[in-house]
Amino acid sequence: GLVERFRALSRHCAPQIIRSPKKIFFTFLIWGYTICIHIGNVNRLGQNVMRKHLFLIGGASGCGKTAICQTLAGQIDTIICLDGDSLWHPQVFNLENTMQFYDLWFKLAKEITDNDVSVAIFHAGLGLPENLSSFARETFTVHFLTLYCSNQVLETRLLSRPEWHNAGARATGFVDAMKGLNAKYV
């Protein structure tokens with residue numbers, strides 16, 4: 001049955017769609033934990049009835065969002081994985097236009113989900129429910145997943161990035177800000 005299929009999934013890392021007689025699930029493995037998300041139903045005629053699903057995977061910079069996005073990308077035909085850093089640029093994102101930046105992602109996700117696929121966006125701020133716009137709430141069934149690592153691991157990962165080598169106080173300020181964001185996800 002379905003439980004046996006979930007157990008079998010936990011033995012490997014390949015994400016997959018599991019269809020039971022009445023429900024459809026997306027399952028994948030992250031760091032030894034099997035994640036199972038209900039993404040649709042099977043109608044009385046045996047047809048898949050998929051809703052518009054938006055998966056928002058958040059966490060502080062350095063927690064592994066990009067690595068997981070790259071691992072999952074292209075693995076499931078019905079879910080498009082997008083790295084939030086793709087549009088991250090000072091001209092597109094700054095503290096004064098944060099909600100407009102998030103709405104840009106939600107509008108892009110809507111265009112993609114209109115093609116009968118779901119979208120997973122991996123981005124720090126999008127993973128916080130308070131950053132969800134009314135447009136996103138009305139358009140999608142939203143699923144939040146938070147990636148977290150200890151502050152010590154976070155600091156080590158961030159300071160190992162080339163852009164923070166020899167950055168001094170600027171690097172310290174950024175690391176401290178990410179530790180603060182990390183605390184919001186606990």
Side-chain angles (χ1 to χ4, degrees), residues 13 15 25-39 51-76 78-90 92-113 117-161 163-164 171 173-186:
C13 191
F25 299 90
F26 170 62
T27 60
F28 57 98
L29 187 71
I30 293 181
W31 294 314
Y33 295 95
T34 300
I35 308 297
C36 176
I37 301 169
H38 173 230
I39 61 169
R51 299 185 315 215
K52 288 185 185 284
H53 289 271
L54 178 62
F55 300 91
L56 298 176
I57 298 88
S61 292
C63 72
K65 295 180 303 296
T66 297
I68 292 173
C69 180
Q70 291 170 349
T71 300
L72 291 178
Q75 296 293 316
I76 298 290
T78 57
I79 298 179
I80 304 298
C81 296
L82 302 172
D83 186 343
D85 290 345
S86 301
L87 294 179
W88 195 88
H89 187 276
V92 179
F93 174 79
N94 58 56
L95 293 177
E96 288 78 38
N97 74 348
T98 303
M99 293 311 290
Q100 291 90 347
F101 176 74
Y102 297 150
D103 270 341
L104 177 65
W105 274 112
F106 299 141
K107 289 173 183 169
L108 176 63
K110 191 222 178 272
E111 295 296 322
I112 294 170
T113 59
V117 293
S118 295
V119 172
I121 303 173
F122 295 75
H123 187 272
L126 285 173
L128 294 168
E130 61 262 25
N131 291 336
L132 198 61
S133 69
S134 58
F135 171 79
R137 282 189 189 93
E138 294 163 7
T139 306
F140 305 103
T141 299
V142 180
H143 307 274
F144 291 96
L145 178 65
T146 298
L147 302 180
Y148 176 84
C149 62
S150 72
N151 282 339
Q152 181 180 3
V153 169
L154 187 70
E155 183 171 350
T156 301
R157 288 178 180 176
L158 291 174
L159 293 178
S160 70
R161 293 179 174 180
E163 63 266 28
W164 298 113
F174 181 75
V175 169
D176 288 345
M178 289 303 103
K179 287 179 181 178
L181 184 58
N182 210 22
K184 286 185 174 186
Y185 285 109
V186 177

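Because the structure is predicted, anything quoted here is derived from the model rather than measured. This chain uses plain numbering: 1 for the first residue, then up along the sequence.
Between the CD atom in E138 and the NZ atom in K52 there is a gap of 14.0 Å [rounded to 0.5 Å]. Taking CG from L82 and CD1 from I57, the interatomic distance works out to 9.5 Å, rounded to the nearest 0.5 Å. Here T66 contributes atom OG1 and H123 contributes atom NE2; the two are 9.5 Å apart, rounded to the nearest 0.5 Å. Going from atom CZ of R157 over to atom SG of C149 covers 4.5 Å, rounded to the nearest 0.5 Å. In this structure, the separation between CD on E155 and CD on Q152 is 8.0 Å, given to the nearest 0.5 Å. Once rounded to the nearest 0.5 Å, the distance linking CZ of F55 with OG of S118 reads 5.0 Å.
Looking at every heavy atom in both residues, L132 comes nearest to A136 through CD1-CB, 3.5 Å. Closest approach of W164 and A171 over heavy atoms only: CE3-CA, 3.5 Å. For the residue pair C63 and L154, the shortest heavy atom distance occurs at N-CD1, 4.0 Å. Nearest heavy-atom pair, A124 versus L181, reported as atom, atom and distance to 0.1 Å: CB-CD2, 3.8 Å. Across all their heavy atoms, S61 and M178 have their closest contact at N-SD, 3.3 Å. Nearest heavy-atom pair across A109 and L54 is CB-CD1, 3.8 Å.
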So F106 and T139, side-chain contact (heavy atoms from CB on, under 4.5 Å) or not? Walk me through it.
CA-CA 9 Å; F106 299 141; T139 306; over 6 Å; no
For side-chain contact (heavy atoms from CB on, under 4.5 Å), just list the numbers for S86 and W105, CA-CA rounded to whole Å, side-chain angles, deciding distance to a tenth of an Å, and then say yes or no.
CA-CA 10 Å; S86 301; W105 274 112; 4.3 Å; yes
Check the pair N182, N151 against side-chain contact (heavy atoms from CB on, under 4.5 Å), reporting the backbone distance first and the verdict last.
CA-CA 8 Å; N182 210 22; N151 282 339; 3.0 Å; yes
Evaluate Y102 against S133 for side-chain contact (heavy atoms from CB on, under 4.5 Å), listing each step before the verdict.
CA-CA 8 Å; Y102 297 150; S133 69; over 6 Å; no
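Contact annotation: the side chain of L56 approaches that of V142 to within less than 4.5 Å [non-hydrogen atoms, C-beta and beyond]. Contact of the L72 side chain with the I79 side chain is not registered, since no non-hydrogen atoms from C-beta on lie closer than 4.5 Å.
Using bins of under 30°, 30° to 60° and over 60° for the plane-to-plane angle, the ring pair F140/F135 lands in the perpendicular bin.
The backbone N or O of T146 sits nowhere less than 3.5 Å from a side-chain atom of K65 that would complete a donor-acceptor pair.
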